[in-house]
Amino acid sequence: QVQLVESGGGLVQAGGSLRLSCAASGRTFSSYAMGWFRQAPGKEREFVAVISRRAVSTSYADSVKGRFTISRDNAKNTVYLRMNNVKPEDTAVYYCAASYSGRVGVNDYDYWGQGTQVTVSS
């Protein structure tokens, strides 16, 4: 089992940057692909980015491609999401999640963090 705790959210102006972190417990962190999802008020949870077990491959939603970067440090059991040039539409609760499959669907993920709020002001 994996427990995930996100941090780094907050209020940022449009065009600014933010880095989210997700710390995982347990010794099996490197066994999982790690993803970031987000959920805005009144909307469904949506895929943002995923990184493979050994960080060989990454994938992004079109809406964040070129602005966000996912990375991981298996020695620290941590996955990151660097958010650059943020926009008001990036405002949401951001969740990290662990998956054996590394696909992009919400149902493909087995473990979830509690989420961290990101608010982008215009």
Side-chain angles (χ1 to χ4, degrees):
Q1 191 165 355
V2 178
Q3 293 184 328
L4 304 171
V5 179
E6 302 95 336
S7 61
L11 176 64
V12 60
Q13 287 189 332
S17 297
L18 207 61
R19 188 179 81 158
L20 306 182
S21 299
C22 173
S25 66
R27 296 175 292 176
T28 59
F29 177 72
S30 60
S31 299
Y32 296 91
M34 296 299 298
W36 285 95
F37 289 76
R38 66 187 181 185
Q39 188 166 18
K43 295 188 176 182
E44 293 186 352
R45 193 169 297 188
E46 65 175 6
F47 166 76
V48 174
V50 62
I51 187 166
S52 61
R53 292 170 180 76
R54 302 193 180 200
V56 172
S57 63
T58 58
S59 182
Y60 297 90
D62 287 343
S63 58
V64 307
K65 203 172 292 183
R67 299 187 298 121
F68 291 9
T69 301
I70 188 171
S71 61
R72 68 189 294 165
D73 185 337
N74 285 348
K76 295 183 178 179
N77 281 9
T78 303
V79 62
Y80 306 96
L81 185 69
R82 178 68 179 182
M83 306 167 63
N84 292 332
N85 189 25
V86 295
K87 304 175 181 180
E89 51 264 42
D90 294 322
T91 295
V93 177
Y94 282 73
Y95 299 89
C96 71
S99 169
Y100 278 116
S101 71
R103 297 191 182 100
V104 302
V106 170
N107 293 332
D108 293 315
Y109 287 75
D110 305 290
Y111 303 102
W112 293 83
Q114 83 291 347
T116 185
Q117 176 70 47
V118 172
T119 303
V120 181
S121 63
S122 58

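Computed from heavy atoms alone, side chains included, the values below leave out hydrogens, waters and symmetry copies. Since the structure is predicted, the reported quantities are computational estimates derived from the model, not experimental observations.
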(request) Would you confirm whether S52, through its side chain, and S57, through its main-chain N or O, come within 3.5 Å as a donor-acceptor pair? (result) yes
(request) Hey, could you give me the OG/CG distance between S101 and N107, rounded to the nearest 0.5 Å? (result) 10.5 Å
(request) Can you measure from OH (Y109) to CZ (R45) and round to the nearest 0.5 angstrom? (result) 12.5 Å
What pairs with [X] under salt bridge (Lys or Arg N to Asp or Glu O under 4.0 Å), at least two apart in sequence or on another chain?
X: R67; answer: D90
X: K43; answer: none
X: R72; answer: none
X: E46; answer: R38

Qualifying disulfide (SG to SG under 2.5 Å) pairs with a residue from [range], counting only residues at least two apart or across chains:
range: residues 34-89; result: none
range: residues 38-71; result: none
range: residues 46-117; result: C22-C96

(request) Kindly write out the residues that satisfy side-chain hydrogen bond (donor to acceptor under 3.5 Å, both in side chains) with T69, not counting sequence neighbours, or none if the list is empty. (result) none
(request) Sequence neighbours left out, what passes side-chain hydrogen bond (donor to acceptor under 3.5 Å, both in side chains) with T116? Give chain and number order. (result) none
(request) Could you pull out the closest heavy-atom pair between T91 and A40, with the gap in Å? (result) O-CB, 3.7 Å
(request) List the atom of A33, the atom of G102, and the distance in Å for their closest heavy-atom pair. (result) CB-CA, 3.5 Å
(request) Sequence neighbours left out, what passes side-chain contact (heavy atoms from CB on, under 4.5 Å) with Q114? Give chain and number order. (result) V5, E6
(message) According to ring-ring contact (aromatic ring centres under 6.0 Å, His included), who are the partners of Y95, at least two apart in sequence or on a separate chain?
(response) none
(message) A quick test of your reading: do over 12 heavy atoms of other residues, nucleotides or ligands sit less than 6.0 Å from CD of Q117?
(response) yes
(message) Within the 4.5 Å heavy-atom criterion, are R53 and S30 side-chain neighbours or not?
(response) no
(request) If you link ILVMFWY side chains whenever their heavy atoms are less than 4.5 Å apart, which other residues fall into the same cluster as M83? By chain and number, please. (result) V2, L4, V12, L18, L20, F29, Y32, M34, W36, V48, I51, Y60, V64, F68, I70, V79, L81, V86, Y94, Y100, Y111, V118, V120
